[in-house]
Amino acid sequence: MPTRQRAIDHIVITVPDLAAAAAAYEALGFVLTPTAQHPWGTANRLALFAGRCFLEILEIDRPEVLEAHIARQPAEDFDFGGFNKRYLEERQGASMLVLTGNDSRADAAAYAALGGHAPFDFERFATQPDGSQRRVAFSLAFASDPSLPLCGFFTCHNLEPDSFWKPEYQMHGNGAQTIRQAVLVSDTPEVHTPFLSGFTGADPEPRTEGFAFPLGEQELLVVRPEAIPDLFRGATVTVKGPHLLGLKLASDKPGPTISLPSQAAGVALAWDRP
C-alpha cells in the first residue's frame, strides 16, 4: 500500500469560466499565478501556499483540443481532461483530491487493486515572477472508485520543484499558509472508507457524522450532510451524491472565517485564524 500519512499536494477546482473564478479568488485575498495551459486543452491558475500545497483553478479553454485528446486516450487510462469535462456537466467546484507522490510507478502498482490506472507524465511551461518561462514537469498516479463518480484522486510527483515553488506567489492578502483539511460530504461515509484508506494509506478515525483520514498535519474529513453547517457556517449541501465540498485553510492573519460556495466557485472555505 502507499506510504502512510501522505500530505495533500493540491485540490483541483474545476470551473466553466477561469477568468470569473480567478476574480472571485483574488477578491477573497488570494494571489494567483499567471494562466498556464495543458497540452490536452485545459488551462489553470494556481494559489500556491508556503506549506507546499496549492489550489488549482481549472477550465476547459480549448474544447476542440480536449475532444481530440479524449478520442486518442486509451480506454484503460484515466483521462484527466475527460473527467473534468464530465464533472462540469454536473457542477463547478472541488473535483479532485491530490496527494504528494515521489514514485508514480510504485503508486500506480499499489493502486491497481483500487481501480488504478497507468501512470501519466507531462510537462508545461510556468511563468516566473520576472516574466520568464521555465519548464515544470509532473508524474501522476490515479485511483478511482465507482462510489465516488464526482471525485478524482491521484498522487503528484513534482519533478521540477525549483521552477514551481516561488515565494512571490505564496504571499496572500488573506494570510493563507496551507490546506489544513479537505471535506468530502456523503450520505454514507462508511461506504468509502476502504477505498479512501487504500488511497491515503491512513486508517480512518471516527468523528462526529463520519471519519477522518490523517495526512500528517492535514486530514481528509468525510462527513454526512448534516455536519456541514457546523463546519462551514451558513453552507448547505445542494449537490446530490458524494463530493468534495470544502476546505479549511490555515492563515497567519485575522479576518473573515468563512466563504460560502457561491463566493468561491462552488467551494466552501473556512480559515483557521490566529
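Here the structure is a predicted model, which is why all the values come from computation and not from measurement.
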Is the backbone N or O of [Y] less than 3.5 Å from a side-chain atom of [X], with the two atoms forming a donor-acceptor pair by type?
X    : Y    : value
Q218 : I179 : yes
H172 : L48  : yes
S197 : P194 : no
S144 : G115 : yes
Y169 : F164 : no
E209 : E226 : no
T188 : E190 : no

What distance separates [X] [atom1] from [Y] [atom2], expressed to the nearest 0.5 Å?
X    : Y    : atom1 : atom2 : result
T42  : H69  : OG1   : NE2   : 8.5 Å
N44  : T14  : CG    : OG1   : 10.5 Å
L148 : F195 : CG    : CZ    : 6.5 Å
N158 : F54  : CG    : CZ    : 7.5 Å
E205 : L221 : CD    : CG    : 10.5 Å
S132 : D130 : OG    : CG    : 3.5 Å

What I'd like to find out is whether the side chain of [X] reaches to under 4.5 Å of the side chain of [Y], using heavy atoms alone.
X    : Y    : value
R224 : D187 : no
S251 : R273 : yes
L58  : F80  : yes
M96  : I11  : no
I228 : V185 : yes
N84  : L88  : no
P242 : L184 : yes

Following the transitive rule for hydrophobic clusters with a side-chain heavy-atom cut-off under 4.5 Å over Ile, Leu, Val, Met, Phe, Trp and Tyr, establish whether [X] and [Y] coincide in one cluster.
X    : Y    : answer
I8   : I13  : yes
V98  : L244 : no
L196 : L247 : yes
V191 : V223 : no
L245 : Y87  : no

Can you check whether [X] and [Y] have ring centres sitting under 6.0 Å from each other?
X    : Y    : result
F199 : F153 : yes
H157 : F138 : no
Y111 : F142 : no

Query raised in the report: Does the pair H192 and S186 meet the rule for a side chain to side chain contact (heavy atoms under 4.5 Å, CB included), with working shown?
Result: CA-CA 9 Å; H192 313 302; S186 172; 2.8 Å; yes
Identify the two heavy atoms, one from [X] and one from [Y], that lie closest to each other, and give their separation to 0.1 Å.
X   : Y    : value
A47 : L32  : CB-CD2, 3.8 Å
W40 : G81  : CD1-CA, 4.2 Å
D77 : H117 : C-ND1, 3.9 Å
T35 : A43  : CG2-CB, 4.1 Å
G41 : D61  : O-OD1, 2.9 Å
L28 : S259 : CD2-OG, 3.3 Å

Report task. Report the C-alpha distance between I57 and L46 in whole Å, list the side-chain angles of each, state the deciding distance to 0.1 Å, and finish with yes or no for side chain to side chain contact (heavy atoms under 4.5 Å, CB included). Result -> CA-CA 6 Å; I57 308 174; L46 313 178; over 6 Å; no
Do [X] and [Y] pair up side chain to side chain, a donor and an acceptor below 3.5 Å, judged on atom types alone?
X    : Y    : value
T100 : D9   : no
Q133 : T127 : yes
R52  : T178 : no

Report task. Could you go through the salt bridge (charged side-chain N to carboxylate O under 4.0 Å, His left out) check for R86 and D79 one step at a time? Result -> CA-CA 11 Å; R86 294 188 296 274; D79 186 350; 5.5 Å; no
Query raised in the report: Is the F49 ring parallel, tilted or perpendicular to the F30 ring (thresholds 30°, 60°)?
Result: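 F49 vs F30 ring planes: tilted.
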Query raised in the report: Taking the inter-plane angle between the rings of H38 and F122 on a 0 to 90° scale, is it parallel (under 30°), tilted (30 to 60°) or perpendicular (over 60°)?
Result: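 Perpendicular: the ring planes of H38 and F122 meet at over 60°.
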**Report entry** side chain to side chain contact (heavy atoms under 4.5 Å, CB included) assessment of F213 paired with V222
**Finding:** CA-CA 8 Å; F213 296 85; V222 187; 3.9 Å; yes
Check [Y] with [X], please: is the shortest side-chain N to carboxylate O separation under 4.0 Å?
X    : Y    : answer
R134 : E160 : no
D107 : R6   : yes
R62  : E67  : no
D121 : R105 : yes
E59  : R45  : no

Query raised in the report: Is there a side chain to side chain contact (heavy atoms under 4.5 Å, CB included) between R233 and T257 once you walk through the steps?
Result: CA-CA 9 Å; R233 189 174 60 256; T257 56; 3.6 Å; yes
Requested in this report: Using ring-ring contact (aromatic ring centres under 6.0 Å, His included) as the criterion, point out the one residue from F120, F154, F83 that pairs with F78.
Outcome: F83
Query raised in the report: Which is it for E219 and R207 under the salt bridge (charged side-chain N to carboxylate O under 4.0 Å, His left out) test, yes or no, and what are the steps along the way?
Result: CA-CA 12 Å; E219 69 176 12; R207 297 285 178 86; 3.0 Å; yes
